[in-house]
Amino acid sequence: MEQIHNFIGGEIVSSKSGRFAPVFNPATGEQIAQVVLSSADETKKAIEIANKAFPKWSKLSPLKRSRILFKFKALLEENMDELARLISREHGKVFSDAVGELTRGLEVVEFACGIPHLQKGEHSANVATGVDSHSLMQPLGVCAGITPFNFPAMVPMWMFPVAIATGNTFVLKPSEKDPSLALGLAKLLKEAGLPDGVFNVVQGDKESVDVLLTAPEVQAVSFVGSTPIAEYIYTTASAHGKRCQALGGAKNHCILMPDADMGQAANAIMGAAFGAAGERCMALSVVLAVGDETADALIANLKGQIAKMSVGPGITQGKENDMGPVISAQHKAKICDYITSGEKQGATLLVDGRDFKVKGFENGYFVGPTLFDNVTPEMDIYKEEIFGPVLAVVRVPDFETGLKLINQHEYGNGTAIFTRDGETAREFQENVQAGMVGINIPIPVPMAFHSFGGWKRSIFGPLNVHGNDGVRFYTRMKTVTSRWPASVRLEHHESSFTMPTME
Ligand code: NAD
């Protein structure tokens, strides 16, 4: 059985912990490898190595750091197909979707290549007579990233390109469900010329995570995953004096107005609900259809499209499938339990994905696209994140009711509205309580030069990932106020014991 190990100090390092987790191919249900679960001591060792690499790396000029990232970007492009196959094999998503997530990660690398400009700080001449002020944006030290299974490439690349570009060193703890991609990225970083110890991968579980949250050398923790774990990460890291950004779960709603372009909206909703088998934090899982006519028209369209969807393995010889399997047998069972609960709690199950079988892949973790009508806010399938290909239609009488429902939900990651009316769209963007808003755009994931993050229980911590927030998160501001000798030479210069004010 293939074993997946750590990458520490520029090389693959075998773990001696004796603890492993199985890695499956979700399309076949076969175990394809086992990943080591590192011990606390092995995790401490990785932190120590990253800490040793920090002084030299942080003093390298930003331009030199950025040139390494430029090479890394070129290598990512060259190796895109191979990396996408690696993602598809362990995660299950279809090949083109894996290329899509790699591309979104690559865009953050492109953003981070601009670090000489982004890390300049600010400067004001003559804040007082003969006094200048400027700020330095200095790196923090060792930073840690803890990432989820659903984007094994993109989510780590939300973090480490900006962290290392700004002069930090990094320890990544990827998801134990699809751990290989992190090693693929580590190898390319080394090939690009990144000094050993600047980027390290520790495979593991809670034992490693707890070390990352408490070790004194770790200065900042970035986490992406489910909300209960995000809360734990944020509380623990903060209690240990670390900076923390912890992005959690989601339940993304859209409002479908009667004046929307129904064809365009339905196509967008299909992709956003069922792409990546609904295992995206920006997946659309609730449609608030305004008026029965709108709901009926949408459902007729969706039913027609669902009937034509091809579901199967992520990598095929011929035409690609629209949707692959979900991540594990346990997750499949959990999604099916939600579907059963929706039925029991009174929603109308229009398309049932529970007993879905793919010919030749009978042991794969497939759930068919599932569609509910007449869902109400009291139901578990409305309240909770299912993280599967299950779409709920909630019928609402008007825009205001829809907006109120979104704002009352505990999550506030992404949201969207489909309408042709500018005034409604404007009111929506002004008043909706969510971090990322789409107007006739179903999955409004911000580009790398903007920042990604939700509101409410979808994020803990004040700064989002990548964009300007990412640069702020991974740097510490130091503001220098300087006066040069002329004033010091003044004969009347005397000690002053009052609060300094600039004259
Ligand atoms: P998860 O919370 O189970 O795991 C995330 C990471 O935390 C993994 O590396 C895992 O090993 C670690 N972990 C798990 N249990 C832990 C514990 N008890 N103590 C310490 N560490 C622990 O999440 P997942 O199932 O891998 O990913 C799916 C979730 O991630 C969904 O809720 C999804 O919405 C969320 N997500 C959010 C975003 C976002 O940007 N907000 C993006 C992607 C995924």
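As the structure lists them, so they are numbered: ligands from 1, and atoms in each ligand from 1.
An N or O contact shorter than 3.5 Å is missing between Asp210 and ligand 1 by distance. Considering backbone and side-chain N/O atoms, Lys173 comes within less than 3.5 Å of an N/O atom of ligand 1. Checked by distance only, ligand 1 and Phe223 stay at 3.5 Å or farther apart across all their nitrogen or oxygen atoms.
More than 12 heavy atoms of other shown residues, nucleotides or ligands fall within 6.0 angstrom of atom CZ in Arg243. Within 6.0 Å of NZ on Lys456 lie more than 12 heavy atoms contributed by other residues, nucleotides or ligands. More than 12 heavy atoms of other residues, nucleotides or ligands lie within 6.0 Å of NZ in Lys190, so this atom counts as buried by the packing criterion. When the shell of 6.0 Å around CD of Glu82 is examined, it contains 12 or fewer heavy atoms from other residues, nucleotides or ligands.
The distance from ligand 1 to the heavy atoms of Val224 drops below 4.0 Å at these ligand atoms: 5 (C), 36 (N), 37 (C), 38 (C), 39 (C), 40 (O), 42 (C), 43 (C), 44 (C).
At a 4.0 Å heavy-atom cut-off, ligand 1 touches Asn150 through the side chain alone. At a heavy-atom cutoff of 4.0 Å, ligand 1 is contacted by no atom of Arg280, backbone or side chain. Of all the heavy atoms of Trp158, the ones lying under 4.0 Å from any atom of ligand 1 belong exclusively to the side chain. Only the side chain of Glu176 comes within 4.0 Å of ligand 1, judged by heavy-atom distances.
The protein non-hydrogen atom at the shortest distance from atom 17 (C) of ligand 1 is Ile229 CD1, 3.8 Å. The protein heavy atom nearest to atom 20 (C) of ligand 1 is Val209 CG1, 3.5 Å. The closest protein non-hydrogen atom to atom 27 (O) of ligand 1 is Pro148 CB, 3.3 Å. Closest to atom 32 (O) of ligand 1, if we only count protein heavy atoms, is Glu385 OE1, 2.7 Å. In this structure, atom 40 (O) of ligand 1 lies nearest to the protein heavy atom Phe452 CE2, 3.1 Å. Annotation: atom 26 (O) of ligand 1 to nearest protein heavy atom, Phe149 N, 3.0 Å. With hydrogens left out, the protein atom closest to atom 28 (C) of ligand 1 is Phe387 CE2, 3.6 Å, a heavy atom. Here the heavy atom of the protein found nearest to atom 19 (N) of ligand 1 is Lys206 CG, 3.5 Å.
Note that CD1 of Ile406 and CD1 of Ile417 are 7.5 Å apart. Values are rounded to the nearest 0.5 Å. Rounding to the nearest 0.5 angstrom, the gap separating the CG atom in Asp81 from the OG atom in Ser88 is 12.0 Å.
Contact check on Lys44 versus Glu48 returns no salt bridge, with no Lys/Arg side-chain nitrogen under 4.0 Å from an Asp/Glu carboxylate oxygen.
Within the structure, ligand 1 has Gly248 among the residues with a heavy atom less than 4.0 angstrom away. Using a 4.0 angstrom heavy-atom cutoff, Ile146 counts as in contact with ligand 1.
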Discussion item. With salt bridge (Lys or Arg N to Asp or Glu O under 4.0 Å) as the criterion, how do Asp178 and Lys93 come out once you've worked through the C-alpha distance, each side chain's angles and the decisive distance to 0.1 Å?
Written reply: CA-CA 12 Å; Asp178 43 15; Lys93 66 178 70 175; over 6 Å; no
Worksheet item: Going through the checks in order, is the salt bridge (Lys or Arg N to Asp or Glu O under 4.0 Å) test met by Glu343 and Arg354?
Response: CA-CA 12 Å; Glu343 228 184 351; Arg354 278 174 296 191; 3.0 Å; yes
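In this structure the side chain of Val162 reaches within 4.5 angstrom of the side chain of Val471, judged on heavy atoms.
Proximity of a side-chain donor or acceptor of Gln34 to a complementary backbone N or O of Gln3 within less than 3.5 Å is not detected.
For atom 4 (O) of ligand 1, the nearest protein heavy atom lies 4.0 Å or farther away.
When His253, His409, Gln345, Lys251 are each tested for a side chain to side chain donor-acceptor pair (under 3.5 Å) with Tyr382, only one passes: His253.
Here atom 2 (O) of ligand 1 lies nearest to Ser226 when heavy atoms of Ser226, Ser458, Ala283 are compared.
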